[in-house]
Amino acid sequence: MALATVERLSFAYPGGAAAVRDISLELYAGEVVALLGPSGSGKSTLLRALAGLVPHFHGGRFSGRVEVGGRDTRSHGPAELVGTVASVFQDPENQVVMTRVENEVAFGLENLGVAPELIWPRVEASLGEVGVAELAGRRTVELSGGELQRVCLASALALRPELLLLDEPTSQLDAEGAEAFLAAVEHASCAVVLSEQRVDRALAIADRVIMMEEGRIVLDAPVGEARAWLAARRPRYAGGIEPHDPPSRAEAGTPLVRLDAVHYAYNGPDVLGGLSLSVRRGEIVALEGRNGSGKTTLAKIAAGLLEPASGVAARAGRATYLSQDPGRYLVRETAIDEVALGVSGDQVRAGLALEQFGLTFATCRHPRDLSSGERERLGIAAVSVSEPDLLVLDEPTRGIDPDRKAALAAWLLEQAEAGRGVLVATHDPLLPAHRRVRLGEPFGVPVAA
């Protein structure tokens, strides 16, 4: 008997076209399903429907039937599915409600009415399962995006659900963190639907693959059969792509930013302790390191958004900064107005930037109606439209599908050829770089550029 059944599901968000169209599938206890597809193909909407968030939370036009654990989601909302279904969303920052990590993991258990003497052992066990037991006493606002993703998984696993729904859950994780995260998922005693753009990782733990395009299912097959289908028809989704960096650029121009012996702390120990780094015209520098190692802090200092507590931060030219979660900083009502904000309202230039990133269709759409990957591309368009001297990008591949990632890689190389400097904080080895700089551990270890 199926754990979840979807029959001829179609759904459109308020004021929008159909996000999913005539979808039917069944999910079974214990299986791990990799859910693949381009940004905006309907993956998140399908997950929301399985969680009961569509239509109860998002509204919109719903037809068909979704049944989970014997309950029809049209008459049983998300609150009634808690315990049967648990979710980890694309944006962990929007999922966390408590100020301390251990309280965050305990929150769902308390709401389920778990006996008090059982709550804290389950909190401790769940944090241990995902490899972040040491974060138990930390404040959630102090965590990196990747650390928050692992805390959210611990919160979901603590509920011991029958169906675990994961929407781009490793998008901000370093390689070690991603492996620990997916190992915990693989050994979870429940069915799992994993929407993931890092395809190699998803296929490695999947029993079955579902691929969506334009709101429809185009592939539903066991993983072995799916690999062959992907290799023949969607090769970038088949996995096995090797990183390929351009040669280092000895002829790179003058430094656009130079950091010497930089220190920075957030009301506590140093996050950066004596760090030195430079980025020159015409080069791409990839900034790597584990979650919480200070990459975002360094990126903000390079862009001029933070000033070091000590040391020198010298900048030449104009810099723009793409935050790790650009969706939190969108301020206009339409995509074209959001991009035009950076060029004094010039909608011609904004329109060309939207076209560059495959977002012409979104010209008059509200940015918050776009998928996570589409909002990421909108953010890149917004920070690049003014043609700055230095582009500082924090995790720019978050939620971006393999085809769009390849286009982004080519665009980064074009920016360098045009004489711009690029500093990109990333966990993605497929993004090209002339130099790779890894932040050391503990946080205070200086990094040579």
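Residues: numbered from 1 along the sequence shown.
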Show me the donor-acceptor pairs, under 3.5 Å and distance only, between side chains in residues 348-363 and residues at least two apart or in other chains.
{"unit_1": "R349", "atom_1": "NH2", "unit_2": "V385", "atom_2": "O", "d": "3.1"}
{"unit_1": "T363", "atom_1": "OG1", "unit_2": "T360", "atom_2": "O", "d": "2.7"}

Please tabulate, for the side chains in residues 299-311, all donor-acceptor contacts under 3.5 angstrom to protein atoms that are two or more places apart in sequence or on a different chain.
{"unit_1": "E307", "atom_1": "OE2", "unit_2": "R315", "atom_2": "NH1", "d": "3.3"}
{"unit_1": "E307", "atom_1": "OE2", "unit_2": "R315", "atom_2": "NH2", "d": "3.4"}

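Note on R150 versus E134: no salt bridge recorded, every NZ/NE/NH1/NH2 to OD/OE distance being 4.0 Å or above. At a threshold of 4.0 Å, the pair E176-R290 counts as salt-bridged, since one of the basic side-chain nitrogens sits closer than that to a carboxylate oxygen. Ion pairing of R201 with E186 is absent here, as no side-chain N (NZ or NE/NH1/NH2) approaches a carboxylate O to less than 4.0 Å. Electrostatic pairing of D428 and K405 counts as a salt bridge here, judged by a charged N lying under 4.0 Å from a carboxylate O. A salt bridge between K43 and D167 is absent, with no side-chain N of the basic residue lying under 4.0 Å from a carboxylate O of the acidic one. Using a cut-off of 4.0 Å between Lys/Arg side-chain N and Asp/Glu carboxylate O, R398 and E376 are scored as not salt-bridged.
In this structure a side-chain-to-backbone donor-acceptor pair under 3.5 Å is present from T140 to M98. The closest donor-acceptor contact from the side chain of E395 to the backbone of Q324 lies at 3.5 Å or more, if one exists at all. Checking side-chain atoms of R368 against main-chain N and O of L330 turns up a donor-acceptor pair under 3.5 Å. Although no hydrogens or angles enter the test, the distance criterion places no donor-acceptor pair under 3.5 Å between the side chain of R280 and the main chain of L256.
By the 4.5 Å heavy-atom criterion applied to side chains, L431 and P396 are counted as neighbours.
Within 6.0 Å of atom CZ in R318, more than 12 heavy atoms from other residues, nucleotides or ligands are found, so the atom counts as buried in its surroundings. Under a cut-off of 6.0 angstrom, the local environment of OH in Y266 is crowded, with over 12 non-hydrogen atoms contributed by other residues, nucleotides or ligands.
Listed by first and then second residue, the ring pair (Phe, Tyr, Trp, His ring centres under 6.0 Å) pairs that reach into residues 294-321 come to none, sequence neighbours excluded.
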Fill in: Residue pair D22, S10: steps toward the side-chain hydrogen bond (donor to acceptor under 3.5 Å, both in side chains) verdict
CA-CA 5 Å; D22 199 28; S10 294; 5.2 Å; no
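Between V192 and the choices L164, L182, D207, the side chain to side chain contact (heavy atoms under 4.5 Å, CB included) rule is met once, by L164.
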